[in-house]
Amino acid sequence: MTVDLDLTVVGSINADITAITHRLPAAGETVGGGRLVHSPGGKGANQASAAARLGARTRMIGAVGSDAAGAAMTQALQSAGVGTDGIAVVDSGTGTALIMVDAAGENQIAVCEGANAHVSIAECEFGAQETVLTQLEVSMDLITELSHTVPGRFVINAAPALPLPAEVVERADLIIVNESEYDLLPQLRDAFCAALTIALAAGYSRQRSLAVANAVGAEAVMDPNAQPEFHRLEHYLQSTTTTETTT
């Protein structure tokens, strides 16, 4: 089932490089025996991928470098069904997240923004019936510009946690703020936001939308990838029990 929703995600695209070790190193310490994993990431790209797999007509506005990582990240989005015409190729390295994860799931993350610093909406047009979802891994100037430009539903996933200008808060139709423990579950954070956004925009009640988002998030944490496979939204609507259907 395709969700009757046009969604544009404006945000970050990263190449995730993850070292999985039995424990995290202390300052100045080297820990051996790790396993290296390369995967697509970035809060924006993760949410666009999740939304497309859930059935929304989704396009991504972002930026990658003219390097192999940039091509791979774009291909990953295309494979998920995301429109990539709005992804610029810029003279900068593709954004990269360096992640260390231990056997208990604790992590350390360093993000190099790279091309994400050059995301622009200068050549973009947004429709009145289009939902725009953004996160805070792009510049606050861009977030502010979106708040003045988007004519339709404007959704902000306020992560990573940063102060938002009053004008942005006043304009936003929905601001998704995560509790601190969600920081240990990046898949839950990314999938939950996508599901909640498209369910609300599709006309389902807050109660039903939250139930669907929780179901998607619960499934996401079972997958170690930042951009896991999902069923269409209809599957999660059918699996949640409530008498409410639409607002």
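Keep in mind it's a predicted model, so treat the numbers as computed, not measured. We count residues from 1, following the sequence as given.
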Original post:
Is the CD atom of Glu29 crowded by more than 12 outside heavy atoms at less than 6.0 Å?
Top reply: yes
Subject >> Gln129 atom CD, over 12 foreign heavy atoms within 6.0 Å >> reply: no
**OP:** Find the distance between OG1 (Thr18) and CG (Leu36) and round it off to the nearest 0.5 Å.
**Re:** 8.0 Å
Original post:
What about Leu98 and Met100, same hydrophobic cluster or not, with Ile/Leu/Val/Met/Phe/Trp/Tyr joined at side-chain heavy-atom distances under 4.5 Å?
Top reply: no
Original post:
Do Met140 and Val150 belong together in a cluster built from hydrophobic side chains that touch within less than 4.5 Å?
Top reply: yes
Original post:
Once you round to the nearest 0.5 Å, how far does CG of Asn14 lie from CG of Asn46?
Top reply: 8.5 Å
Original post:
Would Leu164 end up clustered with Ile121 when hydrophobic side chains under 4.5 Å apart are linked, directly or stepwise?
Top reply: yes
**OP:** Show your working on salt bridge (charged side-chain N to carboxylate O under 4.0 Å, His left out) between Arg57 and Asp6 and close with a plain yes or no.
**Re:** CA-CA 5 Å; Arg57 294 183 297 272; Asp6 292 313; 2.7 Å; yes
Original post:
Going by heavy atoms in the side chains, are Gln135 and Val9 under 4.5 Å from each other?
Top reply: yes
Original post:
Strictly by modelled atom types, are Gln78 and Thr74 linked by a side-chain donor-acceptor pair under 3.5 Å?
Top reply: no
Subject >> Nearest heavy-atom neighbours spanning Gly152 and Asp173 >> reply: O-OD2, 3.6 Å
Original post:
Can you tell me how far the CZ atom of Arg53 sits from the OG atom of Ser79, to the nearest 0.5 Å?
Top reply: 7.5 Å
Original post:
How long is the span from the CG atom in Asp16 to the NE2 atom in His38, to the nearest 0.5 Å?
Top reply: 11.0 Å
**OP:** Please name the pair of heavy atoms, one in Asn116 and one in Gly95, separated by the smallest distance, quoted to 0.1 Å.
**Re:** ND2-CA, 3.8 Å
Subject >> Rounded distance [0.5 Å steps], CD in Glu145 versus OG in Ser120 >> reply: 6.5 Å
Original post:
Would Ile156 and Leu136 satisfy side chain to side chain contact (heavy atoms under 4.5 Å, CB included), going step by step from the backbone distance to the final call?
Top reply: CA-CA 8 Å; Ile156 302 171; Leu136 306 187; 4.1 Å; yes
Original post:
Any idea which heavy atoms bring Glu125 and Arg59 closest together, and the distance?
Top reply: O-NH2, 2.7 Å
Original post:
Are Met73 and Val89 connected, step by step, through hydrophobic side chains (Ile, Leu, Val, Met, Phe, Trp, Tyr) whose heavy atoms are closer than 4.5 Å?
Top reply: yes
Subject >> Spacing of Glu106 atom CD and Arg23 atom CZ [to the nearest 0.5 Å] >> reply: 14.0 Å
Original post:
Is the backbone N or O of Ala45 less than 3.5 Å from a side-chain atom of Ser49, with the two atoms forming a donor-acceptor pair by type?
Top reply: no
**OP:** Heavy atoms only: give me the nearest Met60-Leu77 pair and the separation to one decimal.
**Re:** CG-CD1, 4.1 Å
Subject >> Any side-chain donor near an acceptor of the partner, Thr94 and Asp67, under 3.5 Å >> reply: yes
Original post:
If only atom types and distance count, is the side chain of Glu137 paired as donor or acceptor with the main-chain N or O of Ser12 below 3.5 Å?
Top reply: no
**OP:** Would you name the heavy atoms of Ala63 and Val90 that are closest together and state the gap between them?
**Re:** CB-CG1, 4.3 Å
Original post:
Are Ile143 and Ile61 grouped together when hydrophobic residues (ILVMFWY) are joined by side-chain heavy atoms under 4.5 angstrom apart?
Top reply: yes
Original post:
What are the two closest heavy atoms between Thr58 and Ala52, and how far apart are they?
Top reply: OG1-N, 3.5 Å
Original post:
With respect to Leu24, which candidate in Val31, Asp102, Val101 satisfies the side chain to side chain contact (heavy atoms under 4.5 Å, CB included) definition?
Top reply: Asp102
